[in-house]
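Please read these numbers as outputs of a predicted model, since none were measured by experiment.
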Amino acid sequence: MEDLFRADEPEKPAPAYGTAEFRQAYDDYIRTPAWKKLGREVKARAKGRCENAPLGAYHPGPFSTHHLTYERFRHERLTDLKYPCPGCHDMADEKRKRDTAAKNAAAYEEAGERGRLEAHKASYFRTTYGPDWAELYYHDPETLDQDYSDWVESKGDPRDN
């Protein structure tokens with residue numbers, strides 16, 4: 001079986017995993033002939049057995065196709081999919097939920113820290129250059145950024161305040 005990019009339809013950006021839009025797109029997609037065909041290919045590769053089970057171990061069905069990743073949602077490669085038993089499928093889904101939550105928490109924390117530093121910088125500019133500081137910054141960002149860096153160096157990291 002080949003593991004080729006599926007070009008059944010023009011590539012569309014996938015909705016963000018975990019959103020209501022994603023759940024709707026997923027529910028619609030798994031009813032399509034393309035998904036059903038792909039599922040049959042994954043089942044054939046697995047020889048109808050749970051791909052998470054040690055060779056020869058019995059895992060009861062009914063099995064279903066599992067996404068290892070949604071990076072190519074609606075354009076999956078066979079390597080993006082597995083054929084697990086219900087128990088293994090549930091564990092994999094729970095792991096994905098935990099991993100996604102941790103990744104999102106880290107991204108939110110990073111965005112929050114970036115936002116806090118940008119707010120600190122804007123406060124410095126407003127205090128130093130007045131309410132029209134953005135116009136000055138537009139024309140000469142390097143000088144204003146250097147002024148801010150020099151000030152931070154003299155006062156200390158704003159995260160320490």
Kindly indicate whether the side chain of Val42, heavy atoms from C-beta on, has any atom under 4.5 Å from the side chain of Glu51.
yes

dist Arg45:CZ -> Lys82:NZ (nearest 0.5 Å) comes out at 8.5 Å

Any heavy-atom pair between the side chains of Tyr26 and Glu21 that's under 4.5 Å?
no

Residue pair Tyr137 / Glu142, side-chain donor-acceptor N/O under 3.5 Å:
no

Can you confirm whether more than 12 heavy atoms, excluding those of Lys43, are under 6.0 Å from its NZ atom?
no

Is it true that a side-chain atom of Glu71 and a backbone atom of Thr69 form a donor plus acceptor pair closer than 3.5 Å?
no

Would you call Arg23 and Asp27 a salt bridge, using N to O less than 4.0 angstrom?
no

Determine the minimum heavy-atom distance between Lys36 and Ile30, stating which atoms define it.
CE-O, 4.0 Å

Going from OH on Tyr138 to CG on Asp132, what distance comes out if it is rounded to the nearest 0.5 angstrom?
15.5 Å

Counting C-beta onward and ignoring hydrogens, is there a side-chain heavy-atom pair between Asn104 and Tyr108 closer than 4.5 Å?
yes

Does some side-chain heavy atom of Asp145 sit less than 4.5 Å from a side-chain heavy atom of Phe125?
yes

Go through the steps to decide whether Thr128 and Tyr148 satisfy the test side chain to side chain contact (heavy atoms under 4.5 Å, CB included), and finish with yes or no.
CA-CA 10 Å; Thr128 305; Tyr148 175 72; over 6 Å; no

Could you tell me whether Arg98 and Glu94 have a side-chain N and a carboxylate O separated by less than 4.0 Å?
no

Which distance, rounded to the nearest 0.5 Å, do you find between the SG of Cys85 and the CZ of Arg49?
13.5 Å

Could Arg77 and Asp80 be called an ion pair, given the rule that one side-chain N must be under 4.0 Å from one carboxylate O?
no

Provide the closest heavy-atom pair for His67 versus Arg96 in the form atom of the first, atom of the second, distance.
O-NH1, 2.6 Å

Using a strict cut-off of less than 4.0 Å between a Lys/Arg side-chain nitrogen and an Asp/Glu carboxylate oxygen, indicate whether Lys37 and Glu41 qualify as a salt bridge.
yes

Does His75 form a ring pair (Phe, Tyr, Trp, His ring centres under 6.0 Å) with Trp35? I'd like the steps, not just the answer.
CA-CA 9 Å; His75 301 279; Trp35 173 253; over 10 Å; no

Tyr29 and Phe73 aromatic ring geometry - parallel, tilted or perpendicular at 30°/60° bounds:
perpendicular

Aromatic contact between Trp133 and His139, with the criterion being ring centroids under 6.0 Å apart: yes or no?
no

So, taking the atom named SG in Cys88 and the one named OH in Tyr83, what distance separates them when rounded to the nearest 0.5 Å?
13.0 Å

Do Phe63 and Cys50 have side chains that approach each other closer than 4.5 Å (heavy atoms only, starting at C-beta)?
yes

Looking only at heavy atoms, the pair that brings Glu76 and Arg74 closest together is OE2-N, 3.1 Å

Side-chain heavy-atom pair Leu81, Leu68 within 4.5 angstrom cut-off
no

Could you give the distance from CZ (Arg114) to NZ (Lys121), rounded to the nearest 0.5 Å?
13.0 Å

I'd like to know whether Leu144 forms a side chain to side chain contact (heavy atoms under 4.5 Å, CB included) with Leu136, so could you lay out the CA-CA distance, the side-chain angles of the two residues, the decisive distance to 0.1 Å, and finally the verdict.
CA-CA 8 Å; Leu144 272 68; Leu136 294 170; 4.2 Å; yes

Kindly determine whether Thr65 and Leu38 satisfy side chain to side chain contact (heavy atoms under 4.5 Å, CB included), including the steps that lead there.
CA-CA 9 Å; Thr65 304; Leu38 195 53; over 6 Å; no

Partner set under ring-ring contact (aromatic ring centres under 6.0 Å, His included) for His89, not counting sequence neighbours:
His66

